[in-house]
Amino acid sequence: MKLVKAVIRSEMLDEVKNNLQRLGYAGLTVYEVRGRGRQQGISWRIRGNEFRLDLIPKLMVEVVVDDADVADVVEELRKSAYTGSIGDGKIFVIPVEDAVRIRTGERGAEALK
Amino acid sequence: MKLVKAVIRSEMLDEVKNNLQRLGYAGLTVYEVRGRGRQQGISWRIRGNEFRLDLIPKLMVEVVVDDADVADVVEELRKSAYTGSIGDGKIFVIPVEDAVRIRTGERGAEALK
Amino acid sequence: MKLVKAVIRSEMLDEVKNNLQRLGYAGLTVYEVRGRGRQQGISWRIRGNEFRLDLIPKLMVEVVVDDADVADVVEELRKSAYTGSIGDGKIFVIPVEDAVRIRTGERGAEALK
Amino acid sequence: MVDAGDTAWLLVSSALVFLMTPALGFFYGGLVRKKNLANTIMMCFAAAALISLQWVLWGYSLAFGPSVNGVIGSLDWFGLRGVGLDPNPDYAPTVPHQAFMLFQGMFAIITAALIIGAVVERIKFSSGILFLVLWSTIVYDPLAHWVWGVGGWLRNLGALDFAGGTVVHINAGIAALAAAMVLRNRIGYGSAAFEPSNITYVILGASLLWFGWFGFNAGSALSAGGLASSAFMATNVAASAATLSWLLMSWFYKGKASIIGAASGAVAGLVAVTPASGFVDALGAMVIGFTAGLLCFYAVSFRSRTKIDDSLDVWGVHGVGGTWGAIATGIFANPAVNPTAAGLLYGNPYQLLVQVVATGVAWVYSFILTFAILKLIDKTVGLRVSKEEELVGLDLTQHAEPAYV
Amino acid sequence: MVDAGDTAWLLVSSALVFLMTPALGFFYGGLVRKKNLANTIMMCFAAAALISLQWVLWGYSLAFGPSVNGVIGSLDWFGLRGVGLDPNPDYAPTVPHQAFMLFQGMFAIITAALIIGAVVERIKFSSGILFLVLWSTIVYDPLAHWVWGVGGWLRNLGALDFAGGTVVHINAGIAALAAAMVLRNRIGYGSAAFEPSNITYVILGASLLWFGWFGFNAGSALSAGGLASSAFMATNVAASAATLSWLLMSWFYKGKASIIGAASGAVAGLVAVTPASGFVDALGAMVIGFTAGLLCFYAVSFRSRTKIDDSLDVWGVHGVGGTWGAIATGIFANPAVNPTAAGLLYGNPYQLLVQVVATGVAWVYSFILTFAILKLIDKTVGLRVSKEEELVGLDLTQHAEPAYV
Amino acid sequence: MVDAGDTAWLLVSSALVFLMTPALGFFYGGLVRKKNLANTIMMCFAAAALISLQWVLWGYSLAFGPSVNGVIGSLDWFGLRGVGLDPNPDYAPTVPHQAFMLFQGMFAIITAALIIGAVVERIKFSSGILFLVLWSTIVYDPLAHWVWGVGGWLRNLGALDFAGGTVVHINAGIAALAAAMVLRNRIGYGSAAFEPSNITYVILGASLLWFGWFGFNAGSALSAGGLASSAFMATNVAASAATLSWLLMSWFYKGKASIIGAASGAVAGLVAVTPASGFVDALGAMVIGFTAGLLCFYAVSFRSRTKIDDSLDVWGVHGVGGTWGAIATGIFANPAVNPTAAGLLYGNPYQLLVQVVATGVAWVYSFILTFAILKLIDKTVGLRVSKEEELVGLDLTQHAEPAYV
Ligand SMILES: Nc1ncnc2c1ncn2[C@@H]1O[C@H](COP(=O)(O)OP(=O)(O)O)[C@@H](O)[C@H]1O
Ligand SMILES: Nc1ncnc2c1ncn2[C@@H]1O[C@H](COP(=O)(O)OP(=O)(O)O)[C@@H](O)[C@H]1O
Ligand SMILES: Nc1ncnc2c1ncn2[C@@H]1O[C@H](COP(=O)(O)OP(=O)(O)O)[C@@H](O)[C@H]1O
């Protein structure tokens, strides 16, 4: 299993959610973050001073999926979160060793279904 | 070491915290998330239209533990966060390669004590 | 690649951000968390009862870096977030298998540049 | 004859009392879990709208209309027929009758809204507002008639209630108790931690309540002069004293100066001084307030050890505080402040007796009728949301709108 | 002669109307995405400051100064020259002229601020406030003169507008339509989900608006007596009825009692009753309010299916609600409430006609001029932020200050 | 004789000024780090309660009671003995004496609360409120007596202070400076970034302060007529002009229109016009306000480069703004507005001199006494929380209640 972590624009969440659901990946977790990347925030010069605000609000989407589905999910995330402007975000893939559904105690791939 | 990530109901935090502490796992980090899983939110139909709200507020608990303790911690988390209704949440286990205590510079298992 | 997760004091964010940037690691993501560690919150006794508030607000900083840079980044994080008091926080290093830049589709180390 | 100064004051007071209902929404809303925050505020907001309509349609007539045997007002004033722009000398000789009607309407709203604190986090929104409209009609309007209506039997008995200790606070506090008993506990009550989600809203609400309460109490003078000034002063003093005493209690028992404690104390003091505000001097108000903070603190501590999930302690603050206030009025009423009344300390033990009778009547009437109305709703359309909905929270399940991200 | 009671009431009303502008900031702010929340509130706050200055410098003189052919006030009163502490009997015989000026100034502020709802999340802050000052001068001041100024041509025609249905709400609502058309859509409009970020701010704003509106409408009586009381009552009743009707609509069509719906309903009712508040009785107000909730609900639903991104539906609520109110005034004006006016139902169809004319004039004038001003600004200093800035959000890009963490 | 209109206005004004203290809590609270937000609001709320009690017990008597050699009021009016419902013609001949007392009490509260801005994020809650009560007694009450009390020596000298420039703002601003020096810097001051956690609270606070300030200044006319109207107008104009000028400064130096800047500007303008509001015309108010925005902007910039951690710039805004206002009163006082006073521009240079003297006295007295009181507390019960507690934040360590999640 893998944990797919995607930093996206808040506006794209709906698109992302719906498309993942359509492909059968209903489970996901999201939270608000602020980030800096190539999009290094806003900066401006005035009267010789430089000002910078480098943390921009984003949304983090976390999806844990079966190894077999990683490519699909990453691809779908990428397409759904894409606008083409700097600041579209990043996706990271991280290994997961186990998953448990609290309610039933199911483990591994079972827990993701 | 492993990072145990558990998505739970906010109400269960107290239980989870106290029980982990009792077992000797004091360290943890929590934050607010919203999630969708088997519990696909609220949906209702009215006058032919379907409405859905699929992100439900949850709490993410993150605990980094020694490999030897993973089973214990997962089990305790599972029991403490259990209510038996859909939406109880999930637990994921992720490998951790190193840990550092900022104050002392201690590394690895030392940093978790 | 590795995901470096650091739980720090909110006040230290500026220091951390600037120093990482100076070393050439611009990309990072931050969010608000609450945590318990060796610093087990506030506790006090009154009239025979013990009270405790064990979750203290912190900031989580996540940085994904090339394997080669992990040591540098961890070290810089440690130095920048250090005050020497209990509650300075912890750093965890987690393996990352892939990274994707949403805007361009670049992968792996490319996506982090 | 209409006096512009008095009318200005009564209109302002009406606006101030109006504001108390959303203020209460924030006070209550900050105390519940975040998943129910918007719903809690919304309940108060909806109460304001619905009871405003109820009031101009039939509520005012039932409460203040020509008395039918001292028991209820007739429906002669239905839809404000005959409630015009000339003063009604029976109630307020220097302000337009409609201004008096408005001011009283704001009281009807806030009283019903107070009960919401006992039923939050689990009542269906639709049933909740149905309940409030029924309750206002069946419980509030008659009781208001008895105590304040010309010909009302408690009024004739000589019961003192300057601004609503009996009619508003005891009434709502006891109704809350009944409501908590009918609705039963929230899931997890007693085991899970129910943490207030927004302390700043609690204090925003308390501050606006305090602000609005100046209209509530000093407006009840129905004129802008010495009596209003005195009631205003008593209000401020009692609120302050109770803030202090509850704060001391929280320091003493918990080791920390609780912000929720200070806010609750302020409300307790405001409640207790309500019936007394037009009758007591500064020191009287101080004693009433300080004692209210202590009594309500203990009442709330006591309640929280019972099985009764009066979630935001409406009984402990309004029921107990109102009862103390009604009785204190019978003790501290000072004829030097208001020559129409004297309490025990000023040689009139009879007043204390009357106060106890009126209080008892309010307890019994409010408890029984509230209990009955809620049982009826429960058996017919149902009172509580499903277990699933309660777990997810009422913001999403009742309104599909989360409070904030 | 100055009457203290009337003056007290007008000063309080001015303060209440002042509060409506920040209240609107929270109402609007809660409805936008979090990245634009502080900017939205700030736009309203800045409007209050700038139009206050515009008003004392030249705005009041243009609107209420000695009429130049019924079309515009002269600049004789520039900088409040000649606007002193004695009453101006033309406008308000019992309050200082400056108090009347102040009260009217608060109307000018809130009217301009209303338009902000159509341009949020994409207008440059600097251009936005420039626009508001120009708009107030070129659109608001003349229209206010026509309807309210002594010698104003619509006033002479007999148009009724008690507290600003035409001058304030139609005017702002139509300006909003023009503004939305000139500014065009927000990026992602129609595809991405634009979720309101703070429902509690929406309801805080709506509550404070309601509170302030008592000053807006009842203050427009310019004295503290029967008329003010009646307007106050009508305001409260209409707001309540519209809250209810919009709530019912949301239940019916969406299956949930929408909180935003209730808040919007309240505003719609307040808007609609504004021109009528000094002329209608309780049942008239109820019908006006209830209908306003329905009409505005449908107007908003309709608008949201068009390509016009009037982001917070200023047209749907203020334009449509104001139009309905202006017309309803011509229908329901009851001479028993206010002997100076009678509507269709009381045998005066002519009034309805005049109302339609005044409404039409306001639609046309406001639309054309607003369109022209905005085009001008667009061609010169530019109206919109860059695409980059819009994506990042206006809190950071215009102010470098995020709303909250 | 009691006039209902004047009394209505003074009671409303009292309520408005009351509201300023929680408003200040939100203004200040939004500016601190989130971990200290609830504590900051709570400090203001507790100040309201405690100084209310202090005031009715001994504060009012010390400030306004029968003068002992022009230096201090006697304790004859302890517990409001002799402060009744008839007017006191020395102070306000048309309102009940208690109403005047109430209004003045609200001033005492807000003045003490203002100092909190200098000590936030590090003062022990218990020591903080102890300090405020002592300060009110030892610093505020005497100074109020000198300037406003019948027989007070500065009053006899002819110092003008319409609504509290010297007594309230200079006093609090200088006390803040002393407090910042005794308390020393917050940990990390100068190195770590101290980010305001809630800009929306800042603007909510500023808006409610502005709203309440109408009562503060226009209420100080102690009657509802021309003078109150004029003061109201001046207040609004000055606040607006200062909002604009600070905004321009932030644009000029930072390249962005700062929201905190606008809010601070508004407060600076309100502060500066306070002593002048009953004496100046619209253009005078505009100049005073505009200049206040500039001066306070520079004062704050200057302060932030020093080692003095006056955390929320109480000195820069209230000290400097108040000083400017006191002096400006001596310049711009226009006898056409208020025949009792004339400033430099109207041929009376002596007034300017008196203003400078009064200002100097306030600076010296407030600084020395505040310094002494705080040193005393520091040596006895201690002023600051521990380093550990400061790092964790005062919400948790002082109250065990986080602001919100
Ligand atoms: N190395 C990194 N580690 C953690 N998060 C990152 C990293 N680089 C980028 N991010 C996150 O991704 C977001 C968008 O990245 P950005 O580089 O601006 O995208 P793009 O280059 O496609 O415009 C940032 O706001 C930040 O939250
Ligand atoms: N595949 C997943 N990836 C990430 N988070 C998930 C995933 N599945 C579920 N979750 C998280 O777990 C929470 C509860 O899951 P859910 O499936 O509703 O539990 P259950 O099936 O036990 O009722 C969700 O709200 C979501 O936050
Ligand atoms: N085992 C753990 N798992 C997850 N988070 C942890 C763990 N231990 C500590 N933390 C996080 O690190 C923060 C600081 O840790 P703490 O032990 O107080 O640092 P120190 O020991 O250096 O004083 C905590 O608030 C918590 O958020």
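Numbered from 1 within each chain, the chains take letters A, B, ... in sequence-line order.
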Original post:
Roughly how far, to the nearest 0.5 Å, is the CD1 atom of I102(B) from the CD1 atom of I8(C)?
Top reply: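 The CD1 atom of I102(B) is 7.0 Å from CD1 of I8(C), to the nearest 0.5 Å.
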**OP:** Tell me, please, which residues at least two apart from D66(B) pass side chain to side chain contact (heavy atoms under 4.5 Å, CB included).
**Re:** M1(B), D69(B), A109(B), L112(B)
Original post:
Does a side-chain heavy-atom distance below 4.5 Å link D98(B) with V70(C)?
Top reply: no
Subject >> Closest contact, heavy atoms only, K17(B) versus R36(C) >> reply: O-NH2, 3.0 Å
Subject >> Closest heavy-atom pair and its distance - P95(C), P95(B) >> reply: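 What the structure gives for the nearest pair is CD-O, 3.3 Å.
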Original post:
Among R101(B), E106(B), E62(B), M60(B), which residue forms the greatest number of heavy-atom pairs with chain C at distances under 4.5 Å?
Top reply: R101(B)
**OP:** Could I get the full list of salt bridge (charged side-chain N to carboxylate O under 4.0 Å, His left out) partners for K90(C), not counting sequence neighbours?
**Re:**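 For K90(C) there are no salt bridge (charged side-chain N to carboxylate O under 4.0 Å, His left out) partners, ignoring immediate neighbours.
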Subject >> Sequence-distant partners of R103(B), salt bridge (charged side-chain N to carboxylate O under 4.0 Å, His left out), two or more places apart >> reply: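 Partners of R103(B) under the salt bridge (charged side-chain N to carboxylate O under 4.0 Å, His left out) test: none.
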By a 4.5 Å heavy-atom criterion (distance strictly below it), what part of [X] contacts chain B: side chain, backbone, both, or neither?
| X | result |
| --- | --- |
| L3(C) | neither |
| K2(C) | side chain |
| T83(C) | neither |

Original post:
Between V74(C) and V100(B), is a side-chain contact (heavy atoms from CB on, under 4.5 Å) present by the stated rule, with each step listed?
Top reply: CA-CA 8 Å; V74(C) 168; V100(B) 183; 3.8 Å; yes
**OP:** Sort by residue number and list every member of residues 18-33 of chain C having a non-hydrogen atom under 4.5 Å from chain B.
**Re:** Y31(C), E32(C), V33(C)
